Amino acid sequence: LGMAAPSALQRSVVSPAGRHTASLIFLHGSGDTGQGARAWIKQILNQDMAFQHIKIIYPTAPARPYTPMKGAFSNVWFDRYKISNDCPEHIESIDSMCRGLTDLINDEVKNGIAKNRILIGGFSMGGGMAMHLAYRFHQDLAGVFALSSFLNKDSAVYQALKRNESALPELFQCHGTADELVLYSWGEETNKMLKSLGVSASLHTFPNLNHELSRTEIEKLKSWIVKKLPVEASKAN
């Protein structure tokens, strides 16, 4: 199995109501699925998160042994030595997933969507994955969002940005102050580090929110999405 090309990621898709001119890739948290993340957001909003012109793709991470669960199989974007911000990153699994997700981005590009009309982000581990993907490999994306997410202290993302000269996608970050799994301070530190390395980053704080999503947060995210991916004036092909 080792050398086999990774099969295309399974995905749940919310099609745009009108003409498709932009795409958003939402990466679920560890142990979840694309369908699960979509259903969670739908439950919070009482409807799908949907747009006139933006296609939303919720891919599912392939199952792999996950060290924090004693090696049990889980749908995770990458492995971790532990859930902490001061241990090394499991870079091998991160990089292999960056290749799989690059295929997903390329599919959108083949469908005629420019990279500056593609947003990527996610919840928890999904947000961490999105930051690796965008800031290390796809600096021409429209933007990145990270909800209840963090990067490890000497993340490969920071190393890549230290050498970087080009313009970077904007980061929209949200974090609950009562998060007991991914501490608010880890999210805050990630935000400060990325800012110091030239990323235009905002951090929206949600008092008393644990490791979860809230309606206010998703509404804020939706406004940001439309700001980054505005409806294009229709143009003759």
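Remember, predicted model here, so these are calculated numbers, not experimental data. Note that these values count all heavy atoms, side chains included, but never hydrogens, waters or copies made by symmetry.
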Exercise. Applying side chain to side chain donor-acceptor pair (under 3.5 Å), run through His204 and Ser202 and close with a yes or a no.
Key: CA-CA 7 Å; His204 304 268; Ser202 57; 3.3 Å; yes
Quiz item: What residues form a salt bridge (Lys or Arg N to Asp or Glu O under 4.0 Å) with Arg38, not counting sequence neighbours?
Solution: Asp48
Is there side-chain contact between [X] and [Y], with at least one heavy-atom pair below 4.5 Å?
X: Asp95; Y: Arg136; value: yes
X: Val157; Y: Thr190; value: no
X: Met131; Y: Ser149; value: yes
X: Glu217; Y: Leu209; value: yes
X: Lys222; Y: Phe51; value: yes
X: Phe150; Y: Glu189; value: no
X: Leu133; Y: Thr102; value: yes

Please check if the side chain of [X] supplies one atom and the backbone of [Y] the other of a donor-acceptor pair under 3.5 Å.
X: Asn111; Y: Asp107; result: yes
X: His53; Y: Leu229; result: yes
X: Asn210; Y: Gly176; result: no
X: Asp79; Y: Thr67; result: yes
X: Asp179; Y: Val182; result: yes

Nearest heavy-atom neighbours spanning [X] and [Y]:
X: Asp32; Y: Ala37; answer: OD2-N, 3.6 Å
X: Pro207; Y: Thr177; answer: CA-OG1, 3.3 Å
X: Phe206; Y: Lys220; answer: CZ-CD, 4.3 Å
X: His175; Y: Leu183; answer: NE2-O, 3.4 Å
X: Pro59; Y: Leu104; answer: CG-CD2, 3.7 Å
X: Gly121; Y: Ala130; answer: CA-CB, 3.6 Å

Practice problem: Kindly say whether the aromatic ring centers of Tyr158 and Tyr135 come within a distance under 6.0 Å. | Solution: no
Exercise. Kindly state whether the ring of His211 and the ring of Tyr184 have centres lying under 6.0 angstrom apart.
Key: no
Quiz item: How far apart are the C-alpha atoms of Gln35 and Tyr58, what are their side-chain angles, what is the distance that settles it, and do they pass the side chain to side chain contact (heavy atoms under 4.5 Å, CB included) test?
Solution: CA-CA 7 Å; Gln35 274 97 335; Tyr58 293 96; over 6 Å; no
Assigning hydrophobic clusters by single linkage (Ile, Leu, Val, Met, Phe, Trp, Tyr; side-chain heavy-atom cutoff under 4.5 Å), is [X] placed with [Y]?
X: Leu151; Y: Leu147; value: no
X: Ile113; Y: Ile54; value: no
X: Tyr66; Y: Trp77; value: yes
X: Met69; Y: Leu181; value: yes
X: Ile105; Y: Leu101; value: yes

Atom pair [atom1]/[atom2] of [X] and [Y] - distance to nearest 0.5 Å:
X: Leu221; Y: Thr216; atom1: CG; atom2: OG1; value: 12.0 Å
X: Glu188; Y: Met193; atom1: CD; atom2: CE; value: 14.0 Å
X: Met97; Y: Leu27; atom1: CE; atom2: CG; value: 9.5 Å
X: Asn85; Y: Glu89; atom1: CG; atom2: CD; value: 10.5 Å
X: Asn208; Y: Ser214; atom1: CG; atom2: OG; value: 11.0 Å
X: Leu119; Y: Leu24; atom1: CG; atom2: CG; value: 5.5 Å

Practice problem: Applying side chain to side chain contact (heavy atoms under 4.5 Å, CB included) between Phe26 and each of Ile120, Ile41, Ile57, report the one that passes. | Solution: Ile41
Quiz item: Quick one: which of His28, His90, Met125 gives a side chain to side chain contact (heavy atoms under 4.5 Å, CB included) with Val76?
Solution: Met125
Exercise. Can you label the angle between the Trp40 ring and the Phe123 ring as parallel, tilted or perpendicular, going by 30° and 60°?
Key: perpendicular
Practice problem: Would you please test Thr60 and Leu9 for side chain to side chain contact (heavy atoms under 4.5 Å, CB included) and show each step? | Solution: CA-CA 6 Å; Thr60 295; Leu9 298 168; over 6 Å; no
Quiz prompt | Positive for salt bridge (Lys or Arg N to Asp or Glu O under 4.0 Å) with Glu108, one of Lys55, Arg117, Lys115 | solution = Lys55
Between side-chain atoms of residues 166-173 and protein atoms elsewhere (two or more places apart, or another chain), which donor-acceptor pairs fall under 3.5 Å?
residue	atom	partner	partner atom	Å
Ser166	OG	Gln139	OE1	2.9
Ser166	OG	Asn164	OD1	3.0
Glu170	OE1	Lys228	NZ	2.9
Glu170	OE2	Trp224	NE1	2.8
Gln173	OE1	Asn191	ND2	2.8
Gln173	NE2	Gly187	O	2.9

Exercise. Determine, stepwise, if the pair Arg11 / Ile25 fulfils side chain to side chain contact (heavy atoms under 4.5 Å, CB included).
Key: CA-CA 10 Å; Arg11 55 197 90 167; Ile25 299 169; over 6 Å; no
Practice problem: Give the C-alpha distance, both sets of side-chain angles, the deciding distance and a yes or no for side chain to side chain contact (heavy atoms under 4.5 Å, CB included) between Val199 and Lys195. | Solution: CA-CA 5 Å; Val199 175; Lys195 267 193 180 136; over 6 Å; no
